[in-house]
Amino acid sequence: MARPVDFSILEGLKGRSILRLTDLSAGEIAALLALARALKADYAAFQGALAQRALVMLFEKPSLRTRVSFEIGFQKLGGCVSFLDHRNERIGAREPVGDYGRNLERWADAIVARVFAHDTLTALRANCRVPIVNALSEIAHPCQALADAQTIVEHGIALERCHLAWLGDGNNVCLSLMELAALTGGRMTVVTPPSHRPCPVLTAEIEAIAAKTGASIVLADDPAAIRGADAVYTDAWISMGQQDCPEKIASLRRLTVTPEVMAIAGPRAKFMHCLPAHRGEEVVDAVIDGTNSVIYDQAENRMHAQNALLLALLGALPPNGSARSVRREPATTNA
Ligand code: CP
Ligand code: NVA
């Protein structure tokens with residue numbers, strides 16, 4: 001049934017920066033997902049929404065999905081994009097990060113940055129009057145988690161009832177998904193070797209949020225803990241910028257996502273991966289190419305979720321109730 005969507009909660013996002021998912025509230029996430037859904041259903045309804053707006057993208061690391069989804073997404077809404085390749089020269093190497101930000105804000109309406117050090121993002125935020133969006137740092141990948149939330153909901157799983165299982169390294173993507181579960185009152189089981197658990201300081205922060213929302217975040221060592229999970233998620237064992245480490249790989253081998261591991265979760269469990277995948281390491285072909293894999297939906301949704309976020313951060317929201325073509329999500333399938 002079609003229904004008008006009230007995006008008014010998103011008005012409070014105008015001018016804000018998003019460095020971690022916890023920079024958003026559960027209500028804002030829900031409204032962003034509704035807006036992302038409206039975008040995905042009908043880009044024509046948002047034609048020109050970002051006309052005359054400029055996005056600057058600063059990338060210290062390689063990218064396929066993040067770069068293309070931001071660039072095409074922003075341009076689809078009428079804006080222009082400037083990409084600065086920082087793979088060979090870190091942000092702050094040629095001139096201080098603050099000076100950099102104070103220049104960029106004179107031309108750009110928003111800055112999207114993929115960095116090694118999360119501190120680079122906080123320095124940009126402190127020195128810029130335009131929104132900064134984290135496109136991946138060593139501790140967070142909030143745009144990935146937002147797109148993943150859209151994908152989970154699209155597949156009929158309500159976030160507050162979702163049991164998400166993570167297998168592998170307790171990395172940046174894992175931390176942002178833990179934040180998603182904590183904020184939305186969901187459940188997440190994180191299976192890692194004890195030596196590769198997510199950052200304890202950030203885990204404690206996330207657990208404090210979970211205690212307030214009723215979410216459950218469990219750190220485990222045994223894949224048996226993922227029994228009954230709605231989705232099983234993994235990622236590269238060695239993230240960009242990390243040294244190859246044979247001991248780490250050896251400790252993670254037992255957590256490769258195979259059909260046998262998926263069977264522990266159950267026959268309806270979706271397989272998720274932020275990509276790029278290292279086939280034969282963290283996941284085998286039979287799973288990533290299997291019928292329960294939703295990896296390309298995740299990749300597609302990067303664009304819609306990020307566009308929703310940018311419309312809100314730039315104060316370019318549709319008038320209330322204007323996105324009437326949005327349909328209700330199908331009835332959720334998770335009990
Ligand atoms: N998932 C993701 O961020 O992919 P890229 O590294 O290709 O941008
Ligand atoms: N954890 C990975 C994610 C890539 C999208 C990395 O940081 O390299």
Side-chain angles (χ1 to χ4, degrees), residues 18-21 36 55 57-74 81 83-87 90 111-121 133-152 164 166-180 188 190-193 196-199 202-203 231-245 248-249 252 255-257 271-279 281-283 288 293-307 309-310:
I18 305 300
L19 305 194
R20 288 175 54 187
L21 203 69
L55 179 69
M57 299 183 39
L58 313 173
F59 275 50
E60 293 183 331
K61 299 177 181 178
S63 171
L64 170 67
R65 282 145 290 269
T66 308
R67 176 176 179 175
V68 175
S69 59
F70 268 111
E71 286 190 348
I72 291 185
F74 207 77
V81 182
F83 182 86
L84 294 178
D85 185 351
H86 271 283
R87 279 177 301 171
R90 297 267 180 107
I111 296 170
V112 166
R114 169 168 283 198
V115 298
F116 283 94
H118 195 78
D119 286 351
T120 305
L121 297 171
V133 177
N134 182 358
L136 183 144
S137 68
E138 86 277 26
I139 62 162
H141 200 359
C143 296
Q144 181 70 53
L146 203 55
D148 294 340
Q150 184 181 355
T151 308
I152 288 168
L164 181 61
W166 176 274
L167 277 104
D169 184 29
N171 65 13
N172 45 6
V173 174
C174 177
L175 279 161
S176 286
L177 291 169
M178 287 165 65
E179 292 180 351
L180 175 69
M188 186 159 169
V190 179
V191 183
T192 66
H196 295 290
R197 285 195 166 160
C199 164
L202 296 176
T203 300
V232 177
Y233 204 124
T234 190
D235 183 16
W237 289 340
I238 307 288
S239 284
M240 291 182 279
Q242 293 178 346
Q243 297 291 329
D244 264 336
C245 176
K248 183 177 181 185
I249 303 277
L252 284 158
L255 300 182
T256 298
V257 182
F271 173 73
M272 301 183 76
H273 194 308
C274 59
L275 304 178
H278 304 77
R279 289 165 178 260
E281 287 199 2
E282 72 269 11
V283 60
I288 196 167
S293 175
V294 296
I295 56 170
Y296 301 116
D297 293 339
Q298 293 176 258
E300 178 186 339
N301 287 337
R302 292 293 305 276
M303 183 174 79
H304 309 307
Q306 288 159 190
N307 272 351
L309 183 62
L310 285 165

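In this chain, numbering begins with 1 at the start of the sequence shown. Atoms within each ligand, like the ligands themselves, are counted from 1 in listed order.
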Do you know which two heavy atoms are closest between Asn134 and Leu19, and how far apart they sit?
-> ND2-O, 2.9 Å
Filter the ligand 2-protein atom pairs down to N or O on both sides and distance under 3.5 Å, then list them.
residue	atom	partner	partner atom	Å
ligand 2	1 (N)	Asn171	ND2	3.2
ligand 2	1 (N)	Asn172	OD1	2.8
ligand 2	1 (N)	Asp235	OD2	2.7
ligand 2	1 (N)	Ser239	OG	2.7
ligand 2	7 (O)	Asn172	ND2	2.8
ligand 2	7 (O)	Ser239	OG	3.4
ligand 2	8 (O)	Met240	N	2.7

Take Leu202 and Arg20 through the test side chain to side chain contact (heavy atoms under 4.5 Å, CB included) and record every step on the way to the result.
-> CA-CA 11 Å; Leu202 296 176; Arg20 288 175 54 187; 3.5 Å; yes
Applying side-chain hydrogen bond (donor to acceptor under 3.5 Å, both in side chains) between Ser69 and each of His304, Arg302, Gln306, report the one that passes.
-> Gln306
Report yes if the side chains of [X] and [Y] come closer than 4.5 Å at any heavy-atom pair, otherwise no.
X      : Y      : answer
Ile152 : Met272 : yes
Leu55  : Phe83  : no
Leu310 : Phe70  : yes

Test the Arg87-Phe59 pair against the cation-pi criterion, namely NZ or CZ under 6.0 angstrom from the six-membered ring centroid and within 45° of the ring axis.
-> no
Neighbouring residues of ligand 1, heavy-atom cut-off under 4.0 Å = Ser63, Leu64, Arg65, Thr66, Arg114, His141, Gln144, Cys274, Leu275, Arg302
Taking only residues two or more places apart in sequence, or in another chain, which ones meet Glu71 in a salt bridge (Lys or Arg N to Asp or Glu O under 4.0 Å)?
-> Arg67
Please identify each residue that fulfils salt bridge (Lys or Arg N to Asp or Glu O under 4.0 Å) with Asp119, with sequence neighbours left out.
-> none
